[in-house]
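One structure is given here, and the rest of the page talks about it.
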Number of protein chains: 2
Amino acid sequence: MDDDGDLVFKALADPTRRFLLDLLFARDGRTLTELESELDMSRFGVMKHLRVLEGAGLVVTRRSGREKLHFLNPVPIRLIHDRWIDKYTERQASALAELKTELEND
Amino acid sequence: MDDDGDLVFKALADPTRRFLLDLLFARDGRTLTELESELDMSRFGVMKHLRVLEGAGLVVTRRSGREKLHFLNPVPIRLIHDRWIDKYTERQASALAELKTELEND
DNA sequence: AAGATAGGTGACCAGATGGTCACATGTCAA
DNA sequence: TTGACATGTGACCATCTGGTCACCTATCTT
């Protein structure tokens, strides 16, 4: 019953982790300490979340001295999209999604 | 720290629920009993999962007599995509995702 | 060298989640 | 109208998950 994208979906299931992705989407290459400063949580909590995101491939890291830089990887997100939206219905889904976004900005 | 897409991500976090979406992606309009026959789980378990999917808007239903028909709704999936993939990087993410899929089919 | 800084590990606890069952309601068919 | 069928509810329990802490290692700076 399990599938290979399991880690990705588990990673996305937590609001704190989604917020971390939002932060990295806005600006890449941040350190753990910098990300921690944006959250109301201990450093250990943030570290645990980043580890989950990295394990899922949603975040990739690069060490630079004593710092560890974090980058967003959009590929797993695109794979989710491709799993349940085929190329024929993509136009409709996209249009409806944009409509919903516009309606909410009123 | 919570956000409005919370129900969608929670719904997608479970492999059984993703498999249900796969079944509905292949063919829409199935009843609870029909879906249950595809899973190695009690009817109650399947019902609980379908309720979560419906609450998240990933599945919409229509009653027909004593039956309840289930349909896949792709819009929430598209919204996930749009959250972390902007229109400039979409080409690259899409291309890499296709590449990964092709490589895995060898 | 020594203190400060950035990151890491394992154990631990409260709360959420997945799955089952006994039981109940509404609908079809003979 | 009686029985079979399709779906629904609430309680219950084992397990997973989010978060914290005490303690540790590695790197920079002066």
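Convention: sequence-line order gives letters A, B, ...; per-chain numbering from 1.
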Hey, does the side chain of [X] come within less than 4.0 Å of [N]'s phosphate (OP1/OP2), counting only N and O?
{"X": "A:R66", "N": "D:dT25", "result": "no"}
{"X": "B:H49", "N": "C:dT17", "result": "no"}
{"X": "B:S42", "N": "C:dG19", "result": "no"}
{"X": "B:R63", "N": "D:dG8", "result": "yes"}
{"X": "B:R51", "N": "D:dT7", "result": "no"}
{"X": "A:T16", "N": "D:dG18", "result": "no"}
{"X": "B:T33", "N": "D:dT7", "result": "yes"}

Over how many whole Å does the gap from [X] atom [atom1] to [N] atom [atom2] extend?
{"X": "A:L35", "N": "C:dA6", "atom1": "CG", "atom2": "P", "value": "13 Å"}
{"X": "B:E34", "N": "D:dT7", "atom1": "CD", "atom2": "C1'", "value": "15 Å"}
{"X": "B:L20", "N": "C:dG19", "atom1": "CG", "atom2": "P", "value": "10 Å"}
{"X": "B:L12", "N": "C:dT17", "atom1": "CG", "atom2": "C1'", "value": "16 Å"}
{"X": "B:E67", "N": "C:dA29", "atom1": "CD", "atom2": "C1'", "value": "14 Å"}
{"X": "A:L32", "N": "C:dG7", "atom1": "CG", "atom2": "P", "value": "5 Å"}
{"X": "A:R43", "N": "D:dC21", "atom1": "CZ", "atom2": "C1'", "value": "11 Å"}
{"X": "B:L50", "N": "C:dG18", "atom1": "CG", "atom2": "C1'", "value": "14 Å"}

Q | A:H49 versus A:R17, side-chain donor and acceptor atoms under 3.5 Å | A |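 Distance-only check passes for A:R17 and A:H49.
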
Q) Out of C:dG19, D:dT20, D:dT9, which has the shortest distance to the side chain of A:M41? A)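 For the A:M41 side chain, the nearest candidate turns out to be D:dT20.
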
Q) A:F44 has a side chain; which of D:dC23, C:dC23, C:dG18 sits nearest to it? A) D:dC23

Q. Across the strands shown, which category fits A:G65 at heavy-atom distances under 4.0 angstrom: base, sugar-phosphate, nothing?
A. sugar-phosphate

(Q) Any base atoms under 4.0 Å from B:K48, or only sugar-phosphate, or nothing? Heavy atoms, all strands. (A)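 Base contact.
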
**Q.** Exercise: identify the closest heavy-atom pair between B:L72 and A:W84
**A.**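 Result for this residue pair: CD2-O, 4.3 Å.
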
**Q.** From A:M47 atom CE to A:E54 atom CD, the distance as rounded to the nearest 0.5 Å
**A.** 12.0 Å

Q | Check: B:L96 and A:R78 side chains under 4.5 Å, non-hydrogen atoms | A | no

Q.
Both A:S64 and A:V46 contact DNA chain D. Taking the nearest nucleotide for each, which residue is further toward the 5' end?
A. A:V46

Q. Where do B:E34 and B:R27 land on the salt bridge (Lys or Arg N to Asp or Glu O under 4.0 Å) test, with the steps shown first?
A. CA-CA 12 Å; B:E34 182 178 357; B:R27 182 165 50 82; 2.8 Å; yes

